Structure formats: structure tokens, C-alpha cells
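Note sheet for the following structure.
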There are 2 protein chains.
Amino acid sequence: MLSLTEENYLKAIYHLSDGGAKAVLTNALAVAMNTKAASVTDMIKKLSAKEVITYEKYYGVNVTPKGKTEALMVIRKHRLWETFLVDKLGFAWDEVHEVAEQLEHINSPRLIEKLDEFLGYPKVDPHGDPIPDHKGKIKIQPQVPVDQLQIGFQGKIAAVKDSDSNLLKYLDKIGARPGVKIKVLGKEEYDESMEILIDDHRVFISKAVSQNILVVG
Amino acid sequence: MLSLTEENYLKAIYHLSDGGAKAVLTNALAVAMNTKAASVTDMIKKLSAKEVITYEKYYGVNVTPKGKTEALMVIRKHRLWETFLVDKLGFAWDEVHEVAEQLEHINSPRLIEKLDEFLGYPKVDPHGDPIPDHKGKIKIQPQVPVDQLQIGFQGKIAAVKDSDSNLLKYLDKIGARPGVKIKVLGKEEYDESMEILIDDHRVFISKAVSQNILVVG
DNA sequence: GTAAAATTTTAGATTAGTCTAAAAAATAAT
DNA sequence: ATTATTTTTTAGACTAATCTAAAATTTTAC
């Protein structure tokens with residue numbers, strides 16, 4: 001059983017490690033958790049003792065299979081609650097993150113199964129991120145940031161990397177929501193801005209923005 | 001701003017004081033919170049410092065107007081979430097208490113207003129207890145336990161005092177749900193059991209049970 | 001390949017919430 | 001109206017999560 005704080009650390013480790021693919025350094029985790037390296041070292045020891053991560057001094061941490069499942073359950077809850085807030089309560093998709101950060105720690109497997117059913121077993125959340133099923137299985141479609149696409153590419157917006165509120169508001173304004181059609185028309189050499197079609201609507205976006213829009217084929 | 005633990009103490013004080021009507025003793029609070037008197041004394045000092053209660057040594061605590069409002073907001077959240085769990089997710093009314101104990105601490109005024117709207121601004125929760133409005137106003141109907149009723153009394157089940165899971169299951173079995181018609185047919189002198197009509201269905205209930213069913217005229 | 005810089009860990013303190021055991025105050029009993 | 005009992009408070013200690021400052025280790029630079 002993990003405490004609320006331990007759950008948040010584990011979730012951050014899972015994300016920083018790209019789902020368990022690579023080791024996470026103490027400092028990176030300290031930045032992500034908005035805390036100090038010394039605090040991270042302490043917490044790492046506790047999470048190792050609980051066998052959700054493995055820890056090698058000065059080299060960083062890796063999630064264990066057990067830890068991965070636990071992290072995915074927190075992510076499942078987070079994304080189901082976000083879906084609830086948008087689909088049922090009428091929140092805008094850029095307003096739900098902070099509340100979902102709280103709701104994700106409610107501990108009741110029955111509640112989550114009922115909520116999943118109530119929402120109609122959604123596959124993705126309002127940001128387009130996949131929702132792990134009750135066994136922790138997640139369907140990973142390769143998501144590519146717009147700035148890496150070739151001219152002429154056509155696809156669908158899958159998710160947004162940064163969850164900064166101002167970015168999300170801007171994307172909403174230009175109609176760049178998950179699920180929407182997207183096509184690359186051109187790239188500007190000089191400032192790396194791009195001309196794209198969002199749901200058949202022509203817009204220009206900066207490098208900072210194109211890096212944060214993830215698409216699938 | 002109160003911590004989760006402080007919120008739970010304040011809620012218990014509010015309930016034990018009958019909504020602020022009388023003082024609460026340290027030991028009573030220790031029993032209600034399942035803790036030791038020494039811990040209660042410590043917490044009382046903190047709640048006094050935050051001016052949600054007043055405290056006189058060896059005499060007990062009283063809630064301040066500010067504390068009453070804060071307690072009512074927690075109760076509002078608890079009862080709205082219970083309504084959500086039963087009306088929308090299909091929980092039985094005897095299964096929701098523990099989950100609502102967690103959900104009531106989610107801090108987002110906007111979430112609660114949206115939830116209230118989604119539920120259609122309910123006046124009472126699944127146990128028949130009134131839901132305070134967004135200003136903390138609560139409609140108090142005098143609720144009388146069945147064991148204190150005269151023979152021939154007719155009314156409606158309003159609430160259940162004890163939230164013990166076994167009691168709630170039993171009440172469900174005999175059809176004793178909030179909102180259901182009730183009539184007192186007779187009292188047995190010898191063991192204080194009673195014969196009552198629940199939704200036109202005749203049943204006998206023990207003293208232990210009749211004390212816990214609250215009715216309104 | 002050693003010195004300098006950056007990173008990570010340890011050591012020692014702090015706060016919130018809790019506990020046990022002992023002291024203080026209030027209530028009850030003779 | 002003293003003594004005995006119960007209740008409440010204080011004193012001191014413990015765990016979880018955090019911090020600052022110093023020590024240890026790794027990486028980078030010349």
C-alpha cells in the first residue's frame with residue numbers, strides 16, 4: 001500500500017522513464033516533483049523497500065513490474081476522472097488536470113470499475129491519452145510531435161505533451177483538440193514555424209507549439 | 001485552510017455538538033475519532049488557533065460560526081458524492097459511506113457546484129439526510145427515532161443514525177429505506193420491540209433497530 | 001590523468017499527527 | 001469535606017515527509 005506522496009513519486013518516475021524504458025536520475029525527479037534532491041533520495045529508499053522501484057546509488061531508479069502496474073492504476077484513475085469531468089460535468093479539457101490530480105488518489109477499486117462502466121469504457125481521455133484497462137494494459141500508438149512530420153503528412157491529433165494552462169487555452173482557440181484531423185502544409189526554415197490544416201482550417205504555429213502537439217497516423 | 005485530519009475532527013465535533021448546539025468533551029471526541037484523549041487535546045489546540053472552534057480547558061469545545069460553515073461544506077461534499085455514487089454509478093445506499101469519506105476532502109469549489117448541477121440540485125442524500133446548499137444553509141426537519149413514537153403515528157423514514165454496514169443491509173432487507181412510508185402498530189413492553197408498517201408491509205423490529213430509524217412527520 | 005564542477009547522498013533538524021505514561025483538575029462517594 | 005475516581009492535560013517520544021548544509025561520488029575539462 002502506497003501513501004499519496006509515494007503514489008505521486010511513482011507516477012513521476014513512470015512518466016520520466018517513458019513507461020519503464022529507461023532509468024531516472026535523482027535530480028530529474030527532484031525537478032519534476034518540485035522538491036530537493038535530498039528529499040528524493042529519502043523517498044527512493046522507501047519506494048525501493050516497497051519493491052516498486054530498483055535503486056542503484058548515483059545511477060538512478062527503474063520501475064519494477066509491480067511498480068509499473070501500480071503506476072498504471074494511478075494513471076487509469078487520473079484519466080477516467082478527467083473523462084468524467086469533461087464528458088459528464090462539462091469542464092473544459094484544459095481545466096481538469098488539477099482536480100484529477102486529487103481524485104486519482106481515491107482508493108476504491110469498485111468505484112473505478114463503476115466509473116469506467118458509467119463512462120462507457122472510454123479508450124482515451126480528453127487529451128487523447130490512452131486509458132489503461134483494469135489489468136493495466138495500455139494501447140500504445142506511436143505519437144509523433146508535429147515539428148517532426150514531413151510536409152504533406154495527414155493524421156489525427158492524439159495528445160498534447162505540455163499541460164500548461166495557457167498552451168491548452170491557445171490550442172482550444174485554434175481548434176487543436178484530440179481527435180481532430182491535421183495536415184502539414186509547410187515549414188518555415190527561418191524560425192521553424194509551420195503551416196498546418198486543423199480540421200480543414202489553415203493556421204500557422206510556432207516551433208514551441210508544434211513540439212507539443214502529438215499526432216498518430 | 002484545514003488539513004484532511006483537521007477536517008475530519010471538525011466534522012466530528014460538528015456532529016457530536018448537534019450542529020453547534022452543545023459543547024463536546026475530549027473523551028467523546030476521542031471515541032468518535034478512534035484515537036486517544038491526548039491526541040485530541042493536541043488537535044483541539046490547532047483547531048482553536050485556526051479559529052474554527054473555541055476551547056476551554058477541562059470543559060470541552062464549541063464550533064465558531066466560521067467552523068460551522070467549514071463543517072457544513074465538508075458535509076455538503078460528502079452527501080453530494082453519496083448521491084452521485086447511488087444515483088449515477090449504481091451503488092447500493094449502504095456501500096457508499098467509506099468512499100464518500102475520501103471524496104469529501106477533494107478541494108475544488110467548481111467541482112462541487114458542477115456536481116450539484118449534474119445531480120439536479122438534490123435536497124437530501126440517499127440516507128435521507130439534508131444536503132447543505134452552497135452557502136451552507138441546511139433545512140432541518142426534526143427527526144425522531146422510531147422507538148420514541150406513539151402507537152398510530154404515521155410518517156416517512158428520513159434517515160438512519162448508525163452507519164454500520166450490517167444494520168444498513170438488514171434495513172434494506174426489510175425495505176426500510178429513506179423516503180418510505182412508516183406507521184407504528186404496537187410496542188411490546190417486555191423487550192421494547194415494535195410492530196411497524198413499512199410501505200404497507202408488517203414487520204417486527206428490536207429496540208436496537210427502532211432507535212436507529214429516524215422519521216419525520 | 002588529475003583538478004574542477006556537477007550531482008547525489010548523508011547528517012541533522014523541523015513539522016504534522018500520533019502514542020504512552022505521568023501529572024493536574026474536576027467529579028463522585030462516603 | 002476530604003478521599004477516591006474519572007477525565008483531561010502535559011511531557012516526552014515516534015514516524016512520515018520535508019529541508020539545509022556538508023560530505024561523497026561521478027562527470028567534465030584541461
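Keep in mind it's a predicted model, so treat the numbers as computed, not measured. Chain A is the first sequence line, chain B the second, and so forth, proteins listed ahead of strands; every chain is numbered from 1.
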Measure NZ/B:Lys45 against P/C:dA16 and give the value in whole Å, please. 14 Å

Angle between ring planes, B:Phe84 versus B:Phe118, binned at 30° and 60°: parallel, tilted or perpendicular? tilted

If you assign each of A:Asp42 and A:Lys57 to its closest nucleotide in DNA chain D, which residue comes earlier from the 5' end? A:Asp42

Can a side-chain donor-acceptor contact be found between B:Glu113 and B:His134 if the only test is distance below 3.5 angstrom? no

Using the side-chain heavy atoms of B:Thr35, tell me which of these nucleotides is nearest: D:dT9, C:dT9, C:dT18. C:dT18

Check every atom of C:dT8, D:dT9, C:dT27 against the side chain of B:Ala37 and return the nucleotide holding the closest atom. D:dT9

Starting from C1' on D:dT8, measure out to CD1 on B:Ile44 and report it in whole angstrom. 9 Å

So which heavy atom on A:Met1 is nearest to which on A:Glu6, and how close? O-OE1, 4.1 Å

Per A:Tyr59 side chain, nearest of listed nucleotides D:dT26, D:dT10, D:dT18: D:dT26

Would you call A:Arg76-A:Glu104 a salt bridge at under 4.0 Å N-O? no

Report the distance from atom CG of B:Asn8 to atom C1' of C:dT18, rounded to the nearest whole Å. 15 Å

Please check the phosphate of C:dT9 (OP1 and OP2 only) for any side-chain N or O of A:Thr26 closer than 4.0 Å. yes

Mind checking salt bridge (charged side-chain N to carboxylate O under 4.0 Å, His left out) for B:Asp129 and listing every partner two or more places apart, or none if nothing turns up? none

Using atom CE of B:Met43 as one end and atom P of D:dT9 as the other, report the distance to the nearest whole Å. 15 Å

Quick check on B:Asn34: does its CG atom have over 12 non-hydrogen neighbours (other residues, nucleotides or ligands) under 6.0 Å away? no

Interatomic distance, A:Glu56 CD vs D:dT25 P [rounded to whole Å]: 14 Å

Assign A:Thr41 to base, sugar-phosphate, or nothing according to its heavy-atom contacts below 4.0 angstrom with the strands shown. base

Within the structure, does a side-chain N or O atom of A:Asn27 lie under 4.0 Å from either OP1 or OP2 of C:dA6? no

Whole angstrom value for the distance that separates C1' of D:dT25 from CG of A:Leu25: 14 Å

Please list, pair by pair, any protein nitrogen or oxygen found under 3.5 Å from a nitrogen or oxygen in nucleotides 20-24 of chain C.
residue : atom : partner : partner atom : Å
C:dT20  : OP2  : B:Lys36 : NZ           : 3.1

Could you tell me whether A:Glu101 atom CD has more than 12 heavy atoms of other residues or ligands within 6.0 Å of it? yes

Mind calculating the distance between CG (B:Leu2) and P (C:dA16) to the nearest angstrom? 13 Å

